[in-house]
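Reviewing the structure listed below.
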Amino acid sequence: FGIILTMLFTKLVFKININKEADDHASAQAENTAPLAVLNISVDNPNLNGIAITNVPNLDGSGVVISRIMHNDKVHVALGETKIYVGDVVYAVGSKEKLHDLQLTLGSKSDIDVRQVKSDIISQRMIVTKPDVVGKTLEQLSIWERYGITITRVSRAEIEFAASPEIELQFADTLLAVGEKEDIQEFSQEIGNSSKHLDHPLVIPLFLGIALGVFVGSVPIILPGVPSPVKLGLAGGPLLVAIILSRIGRVGKLIWYMPMSANFMLRELGIVLFLACVGLKSGDKFVHTLVDGQGFYWMACATLITLIPIMIAALIARIKFKMNYLTLCGILAGSMTDPPALAFANSLAPSNAAAISYATVYPLVMLLRVLFAQLVVIYFVH
């Protein structure tokens, strides 16, 4: 209640328009993740006549991918060793700024759209679902040499970016491949391209991850200057292991991936069970604890401990740093590791701003709470 009241208080004081805050956050995200653009470029620079694509100046590492080339009125797949000549038209994918730089290098913008020229070349999206290719880079798969196709874009977690040879594939990545139909189908079989695999929760990795998290949480940790070891517990252990496993992505045949539907189900079920257990454990004695002895005193202390820090944080974040309100709500909920407060923040607007900021601060705060609670006991109780 304290966190939610702080959110409402901040909204009232600063006269915040929720819809405007959501639009501002969406605009800021769009600026930080510039959408990909396409450009048809005519090769006019005589210094590049007969040069291979991989040797084009400033192309390597720019995030721009050349996927097709029209040479002598015929369209070909652009591979690394493909040579370009004056008069060719190349079709490139990348950010507008980098495409402009490439245009200055090659020549001028062409009125011919290479995609509209009749050819046997097609483009197709496919999903990475085979464990064998997870963790491998596009360069390691030797796509150009083995299949004669080009990967132009990679979509991951609703973010699309230009493909580069050093990108490591992750489970559920969506690739946009350009090439002849038979070659694309052959490559599609290698990476899986089975949407059904995305809907099936991987039960064995899930429970192995939980078991490993419980084990890590039960291991005593000796800190310098602390007389007794501390433990991450059932909260910190699984959280730390989940972060590590999601970063690794794959161990052998095990893929550390959870479908969004399963994620939401477990998340909501976990919150309900957590709140139910808290209520069942403390509900029958709540009134007695409150009215007898120092119950109201401890309740007042709890109120101050909850409200004062987050009120100060909210005011500083809004006044000094001009922080987006929805982002601020997520940080407040995450700073108190409070899922119900996050649920309230998410209900304010159809935006992911609160969830993103919550996930950013939650892991560190949770680990600090687990460790510092034990340190308080060790130094002040013992």
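Values below: all heavy atoms of this structure, side chains included; hydrogens, waters and symmetry mates excluded.
- The environment of His197 atom NE2 is sparse: at most 12 non-hydrogen atoms of other residues, nucleotides or ligands sit within 6.0 angstrom.
- Transitive grouping of hydrophobic side chains (ILVMFWY, heavy atoms separated by less than 4.5 Å) brings Phe171 and Ile151 into a common cluster.
- The backbone N or O of Gly135 lies less than 3.5 Å from no partner atom in the side chain of Arg250, so there is not a single donor-acceptor pair.
- Counting non-hydrogen atoms of neighbouring residues, nucleotides and ligands closer than 6.0 angstrom, the OH atom of Tyr85 exceeds 12 such neighbours.
- Smallest separation of non-hydrogen atoms from Ile112 and Val89: O-CG1, 4.2 Å.
- Annotation: Asp23, atom CG; neighbour count of heavy atoms from other residues, nucleotides and ligands within 6.0 Å is above 12.
- The local environment of CZ in Phe14 is crowded, with over 12 non-hydrogen atoms from other residues, nucleotides or ligands closer than 6.0 Å.
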Determine whether Leu48 and Thr105 satisfy the following criterion, side chain to side chain contact (heavy atoms under 4.5 Å, CB included), listing intermediate values before the conclusion. CA-CA 9 Å; Leu48 301 180; Thr105 301; 4.1 Å; yes

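- Enclosure of atom CG in Asp44 by more than 12 non-hydrogen atoms of other residues, nucleotides or ligands within 6.0 angstrom is indicated.
- For Lys136 and Glu190, the salt-bridge test fails: no basic side-chain N is under 4.0 Å from an acidic carboxylate O.
- For CG of Leu234, the number of neighbouring non-hydrogen atoms (other residues, nucleotides, ligands) closer than 6.0 Å is 12 at most.
- Nearest approach of Leu138 to Ala163, heavy atoms of both residues: CD1-CB, 3.8 Å.
- Relative ring orientation between Phe187 and Tyr147 is described as perpendicular, the plane-to-plane angle rising above 60° on a 0-90° scale split at 30° and 60°.
- Using a 3.5 Å distance cut-off with no hydrogens or angles, the side chains of Thr10 and Arg318 do not pair a donor with an acceptor.
- Smallest separation of non-hydrogen atoms from Arg68 and Val75: CB-CG1, 4.1 Å.
- Here the rule is side chain to side chain contact (heavy atoms under 4.5 Å, CB included) with Val216, and of Ile244, Ile221, Leu232 only Leu232 fits it.
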Go through it in stages, so that I can follow the logic: the residues are Leu176 and Ser123, the test is side chain to side chain contact (heavy atoms under 4.5 Å, CB included), and I'd like the CA-CA distance, side-chain angles, deciding distance and then a yes or no. CA-CA 7 Å; Leu176 181 61; Ser123 61; 4.2 Å; yes

Assess whether side chain to side chain contact (heavy atoms under 4.5 Å, CB included) is satisfied between Met126 and Ile184, documenting all intermediate values. CA-CA 9 Å; Met126 53 189 69; Ile184 287 181; 3.4 Å; yes

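- Linking Ile, Leu, Val, Met, Phe, Trp and Tyr whenever their side-chain heavy atoms come within less than 4.5 Å puts Val376 and Leu368 in one cluster.
- Counting only distance, with no hydrogens or angles, the side chain of Ser357 and the backbone of Ala354 share a donor-acceptor pair below 3.5 Å.
- Here the side chains of Thr129 and Lys196 are not in contact, with every heavy-atom distance at 4.5 Å or above.
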So Asp101 and Lys98, side chain to side chain contact (heavy atoms under 4.5 Å, CB included) or not? Walk me through it. CA-CA 5 Å; Asp101 294 341; Lys98 297 300 182 181; 4.2 Å; yes

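- Enclosure of atom CD in Glu139 is not indicated, since only 12 or fewer non-hydrogen atoms of other residues, nucleotides or ligands lie within 6.0 angstrom.
- Between Asp132 and Lys130, none of the side-chain N atoms (NZ, or NE/NH1/NH2) sits under 4.0 Å from a carboxylate O, so this pair counts as no salt bridge.
- Atom CG of Asp60 has 12 or fewer neighbouring heavy atoms from other residues, nucleotides or ligands inside a 6.0 Å radius.
- Checked by atom type and distance alone, the side chain of Asn72 never pairs as donor or acceptor with a backbone atom of Lys74 at under 3.5 Å.
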